[in-house]
Amino acid sequence: MASTAPLIDGFGRRVDYVRVSVTDRCNLRCTYCMSEEMTFLPRKDLLTLEELDRVCAAFIRRGVRHLRLTGGEPLVRRGFMDLVNCLSRHLQSGALDELTLTTNGVRLREFARPLAAAGVRRVNVSLDSLDRATFARISRSDCLDKVLEGIEAAQDAGLRVKINTVALKRDNHAELPELIQWAHGKGMGITLIETMPLGAVDEDRTEQFLSLADVRRELEAFWTLADLADRSGGPARYVRVAETGGKLGFITPLSHNFCESCRRVRLTCTGTLFMCLGKDTSVDLREALRAGRDDALLDAALDRAMLLKPKAHDFTLPVAGARPAVARHMSMTGG
Ligand code: SAM
């Protein structure tokens, strides 16, 4: 019989949050994330929609309560809404607390209403600049208007939107207060992220690295930031900005280690389960899925994976010219 035992790692942390990448493809080419000429995976290597549905169901059976779909860009995966509509049965049954996604927003206008109808309540939208030329330089595409329309459509459809912004020394450092004010003015939370050394890109990330400890100090020169107790089971630490009334998060994998409370794992679009964003330890679930209809092998692979979840990652502060800590790109593991 299929197991319903909770997923508990070797350090007693209960894993109840899974990020599932549904594709490695993306309609943007953000400079810190990908190189301009990326080679994407052949389609046969990807988990099919049925396999994605089955592996998500197995996680939920083992006690996962939060499922976040990501990529690459999830909204470019053909049949994405079929998957969401199928997974929404777990929201209806009460087995899942939350089904959500991380998107660049380019196609959100067309997906906002169907997502809301399927029971999605909030989405994270990545946005690094409100300036058209800066956005285009960072993402190598002229899509800012589409993203802004997507955000508006999501809010109109009743979805809560949170903005994720990668803090980049050269490209958006000076613009960060404006971005925060803009997000808070529209009733959205915003989280700043330090660039992480994941996968080779065309530029040296150390030139763009911006310590969020420094950014926080700069913001405190003109705003009052009050620490909040909220944790999302993940890396972000939150403050309330007294002057805007909005919530601001900081994801600081390099200047602050956040692993002690980590209760999440990440599945790539090829079915490789990574227990930590910053480590290579992984277990192949695709083989277990393709071995047959019985979930016994899948459950055994999940049990094995729990024992492999490392206590912490060990990203170090950037050294100019150093190789990435992890060879795979964020678009592979999913953000
Ligand atoms: N396409 C979707 C999006 O744009 O949100 C989902 C995938 S994307 C890889 C997820 C998040 O990871 C985005 O906010 C992106 O900016 C961020 N990201 C990508 N590479 C990163 C890196 N090397 N360091 C920090 N954040 C990164």
Side-chain angles (χ1 to χ4, degrees), residues 19-35 38 40 68-77 80 100-108 111 115 122-129 134-135 137-141 143-144 146-147 150-151 154 161-169 171-172 176 179 183 188-212 215 234-236 249-255 258 264 266-269 274 277-278 313 315 317-318 322-335:
R19 291 193 171 206
V20 177
S21 172
V22 299
T23 177
D24 64 329
R25 287 162 200 260
C26 190
N27 41 4
L28 299 182
R29 293 284 182 280
C30 298
T31 49
Y32 54 80
C33 183
M34 294 186 180
S35 62
M38 284 287 284
F40 294 107
R68 176 175 292 276
L69 303 176
T70 178
E73 170 51 34
L75 300 184
V76 303
R77 172 81 196 244
F80 179 72
T100 178
L101 72 151
T102 303
T103 171
N104 58 32
V106 174
R107 300 193 66 192
L108 192 52
F111 282 87
L115 285 169
R122 60 182 189 125
V123 292
N124 285 1
V125 179
S126 304
L127 176 64
D128 300 328
S129 178
T134 310
F135 181 97
R137 186 169 69 245
I138 298 173
S139 67
R140 298 179 174 121
S141 105
C143 285
L144 176 63
K146 281 192 182 144
V147 176
I151 291 171
V161 179
K162 194 191 80 177
I163 303 294
N164 283 335
T165 301
V166 176
L168 301 162
K169 190 191 263 175
D171 286 325
N172 66 7
L176 294 176
L179 262 162
M188 303 183 287
I190 177 167
T191 293
L192 306 180
I193 307 172
E194 283 176 351
T195 51
M196 290 177 257
L198 303 174
V201 290
D202 302 327
E203 59 179 36
D204 183 349
R205 281 197 194 86
T206 53
E207 288 171 19
Q208 286 273 39
F209 179 77
L210 188 56
S211 160
L212 291 183
V215 171
F250 296 94
I251 298 187
T252 55
L254 276 81
S255 61
F258 50 73
R264 53 177 68 171
R266 297 164 190 264
L267 187 70
T268 70
C269 56
F274 283 97
L277 184 59
H313 65 62
F315 288 149
L317 285 167
R323 277 198 327 205
V326 169
R328 63 184 188 280
H329 292 86
M330 190 80 154
S331 57
M332 176 76 191
T333 329

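Quantities reported herein were computed from a predicted structural model and do not represent experimental measurements. For ligands, and for the atoms within them, numbers begin at 1 and follow the listed sequence. Computation of the quantities below employed the complete heavy-atom set of this structure, encompassing side-chain atoms and omitting hydrogens, waters and symmetry-equivalent molecules.
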Is the shortest N/O to N/O distance between Gly71 and ligand 1 below 3.5 Å?
-> no
So is Met34 in contact with ligand 1, going by heavy-atom distances below 4.0 Å?
-> no
Close-contact set for ligand 1 against Cys33 heavy atoms, below 4.0 Å = 19 (C), 20 (N)
Is Asn164 in polar range of ligand 1, meaning some N or O pair under 3.5 Å apart?
-> no
Which is closest to atom 1 (N) of ligand 1 by heavy-atom distance: Ser139, Gly105, Gly72?
-> Gly72
Contact (N/O only, under 3.5 Å) between Thr70 and ligand 1 = no
For a side chain to side chain donor-acceptor pair (under 3.5 Å) with Tyr32, tell me which candidate from Thr195, Asp171, Asp128 qualifies.
-> Asp128
Does Thr102, backbone or side chain, put an N or O under 3.5 Å from an N or O of ligand 1?
-> no
Atom indices of ligand 1 within 4.0 angstrom of Thr195 heavy atoms, with elements = 24 (N), 25 (C)
Let me know which of Asn27, Thr23, Thr103 forms a side chain to side chain donor-acceptor pair (under 3.5 Å) with Glu73.
-> Thr103
Tell me which part of Asn124 gets within contact of ligand 1: side chain, backbone, both or neither, using heavy atoms under 4.0 Å.
-> neither
Check each atom of ligand 1 against the heavy atoms of Tyr32 and keep those under 4.0 Å away; list them by number with element.
-> 15 (C), 16 (O), 18 (N), 19 (C), 20 (N), 21 (C), 23 (N), 27 (C)
Within a distance under 4.0 Å of any heavy atom of Ser126, pick out the atoms of ligand 1 and give their elements.
-> 3 (C), 4 (O), 5 (O), 13 (C), 14 (O)
